[in-house]
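Labels below follow one simple rule: chain letters A, B, ... track the order of the sequence lines, proteins then strands, and each chain is numbered from 1. If you're wondering where the values come from, they're calculated on a predicted model, not measured in any experiment.
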2 protein chains.
Amino acid sequence: VSSAIIRFVANPLLALALGAIVHAAPLPLMPLPSKVTLQGGKLAIDGGFSVRITGYTDAKLQLAVERLIARVGRQTGIPINAGPRAILTIDCRAAAPEYPELSEDESYQLDVAAESARLSAPTTTGALRGIETFLELIAPDADSFSVPALRIEDHPRFPWRGLSLDVARHWMPVPVIERNLDAMAAVKLNVLHWHLSDDQGFRVESKLFPKLQQLGSDGNFYTQAEIRHIVAYAAARGIRVVPEFDVPTHATSWFVGYPELASAPGPYAIERKWGIFEPLMDPSREQVFTFLDAFFGEMVALFPDRYFHIGGDELVDTQWKQNAAIQAFAAEKAFRTSTELHAYFNQRIQALLQKHGKQMIGWDEVLQPGIGTSAVIQSWRGQKALADAVRQGYRGILSFGYYLDHLQTASFHYQIDPLGNEAASLEGDQAARVLGGEACMWTEYVTEETVDSRIWPRLAAIAERLWSPADTRDIGSMYQRLAAVSRWLSWTGVQHRSNYPEMLQRLAGGSSPALLRLADVLEPQGIDERQAARQYTSRVALNRLVDAVRPESESVRGLEQDVARLVSNPGDHSREVSQVRLTFTEWSVNADRLRPLISSKFLLREASSLSEDLSKIGNIGLRSLQYLESGERPPTDWLLQQKRELDRMEQPRAEVVLAAVRPVRTLLASFSNQPARARASRDRVK
Amino acid sequence: VSSAIIRFVANPLLALALGAIVHAAPLPLMPLPSKVTLQGGKLAIDGGFSVRITGYTDAKLQLAVERLIARVGRQTGIPINAGPRAILTIDCRAAAPEYPELSEDESYQLDVAAESARLSAPTTTGALRGIETFLELIAPDADSFSVPALRIEDHPRFPWRGLSLDVARHWMPVPVIERNLDAMAAVKLNVLHWHLSDDQGFRVESKLFPKLQQLGSDGNFYTQAEIRHIVAYAAARGIRVVPEFDVPTHATSWFVGYPELASAPGPYAIERKWGIFEPLMDPSREQVFTFLDAFFGEMVALFPDRYFHIGGDELVDTQWKQNAAIQAFAAEKAFRTSTELHAYFNQRIQALLQKHGKQMIGWDEVLQPGIGTSAVIQSWRGQKALADAVRQGYRGILSFGYYLDHLQTASFHYQIDPLGNEAASLEGDQAARVLGGEACMWTEYVTEETVDSRIWPRLAAIAERLWSPADTRDIGSMYQRLAAVSRWLSWTGVQHRSNYPEMLQRLAGGSSPALLRLADVLEPQGIDERQAARQYTSRVALNRLVDAVRPESESVRGLEQDVARLVSNPGDHSREVSQVRLTFTEWSVNADRLRPLISSKFLLREASSLSEDLSKIGNIGLRSLQYLESGERPPTDWLLQQKRELDRMEQPRAEVVLAAVRPVRTLLASFSNQPARARASRDRVK
């Protein structure tokens, strides 16, 4: 509602975003609260920081306060020894449900004054959300660490705000899950959708059917104790855990130990390749449902969430077509298509889950005749499929546009709205059945080492889309806050920033400023381009430049902004000119410095033409600056030739894109008054 | 013996040190093995890496091999799926003792050929050492990750190579201990001397005397289960754990719960200040020995090591002097001095420990008449005290010169030898009773956040002193290898490199390249200067620039080397000239860029004059380069004035030193042919 209030802040104390003095920096909050009223002044945070709980309290809230105090200590580096006076008072009116529930009240109100702050919430869940807002506001000013005096009234727009994390394609150990839950809580996400089985691995210990993990996981699975630990860890942070066991598709790993579940005799081995595979469960055999009944019964004891995800996507019916018994079964049931057979399977599964007290959730494909409207549809197809589902009485969440593995920009994801496009016309109950959305982190091209940098910080922008008011859409503000939030997230333990220098050092066999300079202006390609580039399997190392570099170059973004200011009024921006010239100069000499390393380190060999091109871009940029400063228009031939060069250099190589092209393209475009191609080409829909 | 062999290596594949092509880079090993013979060629390391154990095996070796394979995966980023052919064969002849013992055989031999490698060792302990050597040799070359073909025969020079870690002044949680044990194992250290109690905290759970941790630790103590875990964790890595419970001094934290142990009535509170304090145990009361007897009995069940450290240093006898009963007791025993009373106390303690099967170790001060020669003396006073002790029949270890909290250079520590100075004349049995040494990490000015960067990488240089042949003394080689080893150590999990950018971001409230540029040329002062600078207590935050910056500036070292090459022959070093000029230029404009941040962030305020001075140094450097290149001798007045400026700028401020002065001083000195003062002033003895 009032997000305009906070976009322009006159108080320099609030210029916290990037460590530089910025005249109108937004508060470094993501997601933006629904209402913020700045009140002037600030609350100092020092070693005497203390928290008093008034009103309702319980162990969950007390543990959250302990974590809050530890985080204040970590963020400020100050040993906290509670003083006599309460700095933050937390006032809840009632308990939250012991395990988080869909659509529970997550609202809170935060009042910060010069002497103390007060966080009030209907339940402890609201307090969890407000605690993160309070932590995010702590920043150093000219006198101390402080929080600006303000009132925040906040509640989420959507009740289902999730991350779907694939732990089957690449194994993700427990600490990866823990730190990402902490970061999810920091941006007020409330669902971990845990993709626990797929062709490439079965990741949960079953005591009833131990061959699932014994033969289907290469030893990489969560014990039941670990599952309980993670579920409790998430619940303590107000995060639900929705398990996904993909059936009848994506199930090769089940069949290694239990080939009798499959529609073809086997034997089966863990799939090492990426893609869509034929192995399918056999819907004609009653024993398959008996197995699943018992298995679900075992799993529901581990996963208290009311929702249970059955996948159900990307069915290839070859095995069904080639199995005479299945064909006979289908004929007997008068099914005309494999889709009808799939619908029958899903109906049986839905009934089993209902028996176990669970509501089914599945991908678009599970929406078939006969599926009860208690099912939730997760749409990867888009808002039209989502709107169709809710018009039929189902509830739905959007994942289309939120696929982190495509390595789109944060702004691309940010502009996708669960109630956008064809869903924009939904109203009343129908709109309310759009529960929210989930980002998806598929891990074909992501390891435990790189997963944090593929999730963060971009997921924070999606979290804002799902939490903040629909009219929170200013991309400039988003990026300014994202830079600050990305650094803040490091205090939760996610390693999206720290893994980068380590991976570069591995490539170089040591430190190399020249490699860092090149890597800083590269952006990796996503899953589509990588699977087209070469034959990947789970055995192929993800230790190359494409795996180390970050999805969106912060330094190129900064340079683009400098260049944009420059070309708008070249005479008025001497600071930008000197900064841009320094950068172009560094680029222009970088290839010389990097060449010996590239020729002596096998993993850098593929960076050779990128490195040479960066120096060429630096030279084009330096020449362009000369034209700009002299006011002389460059010759048309020269301009055309440079643009052809940039077109060529923008072509991906080594599965990365040379983002450094973009600011120079903007500079060249200023000479011919043609619109720059830069960002548009980066934000194509996948 | 043959360390000369490996200092000059013609094969460019071995130029691994700094990611740059260096013509004669040493193998990036620290400690250097006693004998290395390069054989040409290399062994490629890829996803098919596998290990076969021949000869003796047990669970300890198998777990070590599992860790080895995980580390190969981490270092290379390659998923390891053992191929059919063994790449590394490990051949041990016998078990090591289940718990590591002093003076056990740690030798190993490593033979690497083009097709496979073979690690052989008398016991599994040698295999642990050789595994780390193998890991340290893995580096990327032009074709793959590889290990050079070579033969290494290696064994330690001293049997006691330790780190003494103070967890009393600042609490160090279990993960800090674990990751530092991993890094210690990487550089072949074999003793963790765990300083578990002091005036500021009692850090172990006692079930017999629970008020020790309940009232003496602020809740920060290791449970007995955690102690057992750490002892086993260390033992698995071939590291002994020697507990230290300091008596009768440094014991305030004991007296909070048990004032009856003290020589004055109390009550006592946990000490919050740093220094030497009066509270002392009462040697006149038999109940004190009864208490200690029971307490030691409880502790020896937790700590299997044969040695038990009783501290015993820095005794202030005020409480004894003021206590009439103690004076009467002393008179009755005919003790003429407090030192004789202390000696009586120590004799009783030694007898108690012997009863519990332990040999006593203590600081210099415990060497008093009547102490049995089974005691080990840890000398902080120097090689003379050490030599005196061994001449009297005691065994001893050196800590003098290895105090990491003084933040000396690696080269300073490197030049200190347990058998140097007054101990150089020891021979035979006497020399053999010098068991080795221990670095000391006292933590008055060190937190769990900064401890890794205060230990590493400098401890690796001390580890080399204690392991490698006495004639391994080339400082240039040491620094070149240290840079590589510092990066390699990150793979063990120590955070000495990753905590730096995070702490700078905290100071700046975000990223700031200008702050990074300043911080990179600052060096923190050590404990002496800090305690003189202001009133510190355990409640004072260690979150300032002095805490963030690294003990020894790598970038200043690099610049000093460039400048040294320059002044030796200015005409022949165009690459160095351009690099040095770029750096001076960056410095010269840095203050302008940093000024807004310094004025708006309270924790940076104290950096203001340092920042201004850095730009002045940059300008002096640029002008000097002009003189150098022109061949013109600068005016004497100008020279004198600049040297006065550098003298002033070299004065510490904000408890840091502007190391950037050093290369410019070298440059200026070249004009007057006077010796540069640079390094000498840094390496003063503390």
Between [X] and [Y], is there a side-chain N and carboxylate O pair less than 4.0 Å apart?
X         : Y         : value
Lys42(B)  : Asp143(B) : yes
Glu554(B) : Arg487(B) : yes
Arg179(B) : Asp452(B) : yes

What option among [options] has the most heavy-atom pairs under 4.5 Å with chain B?
options                                    : value
Ser486(A), Ser498(A), Ser490(A), Ser144(A) : Ser144(A)
Trp491(A), Phe602(A), Phe145(A)            : Phe602(A)
Ala541(A), Gly47(A), Ser578(A)             : Ala541(A)
Ile78(A), Asn81(A), Asp46(A), Ile80(A)     : Asn81(A)

Where does [X] contact chain B at under 4.5 Å (heavy atoms): side chain, backbone, both or neither?
X         : answer
Leu507(A) : backbone
Arg605(A) : side chain
Thr76(A)  : backbone

Any donor-acceptor N/O pair, Lys273(B) side chain to Thr537(B) backbone, under 3.5 Å: no
Measuring only between side-chain heavy atoms, which start at C-beta, is [X] closer than 4.5 Å to [Y]?
X         : Y         : answer
Gln200(B) : Trp274(B) : yes
Leu542(A) : Tyr536(A) : yes
Ile598(A) : Glu606(A) : no

Flag for Ser555(B)-Asp520(B): side-chain donor and acceptor within less than 3.5 Å: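 Judged by distance alone, the side chains do not pair up.
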Which bit of [X] is near chain A, if near means a heavy-atom gap under 4.5 Å: side chain, backbone, both or neither?
X         : answer
Arg544(B) : neither
Gln75(B)  : backbone
Trp488(B) : neither
Thr585(B) : neither
Thr450(B) : neither
Val589(B) : neither

Pair listing, salt bridge (Lys or Arg N to Asp or Glu O under 4.0 Å) test, anchored in residues 498-507 of chain B, at least two apart: Glu449(B)-Arg506(B)
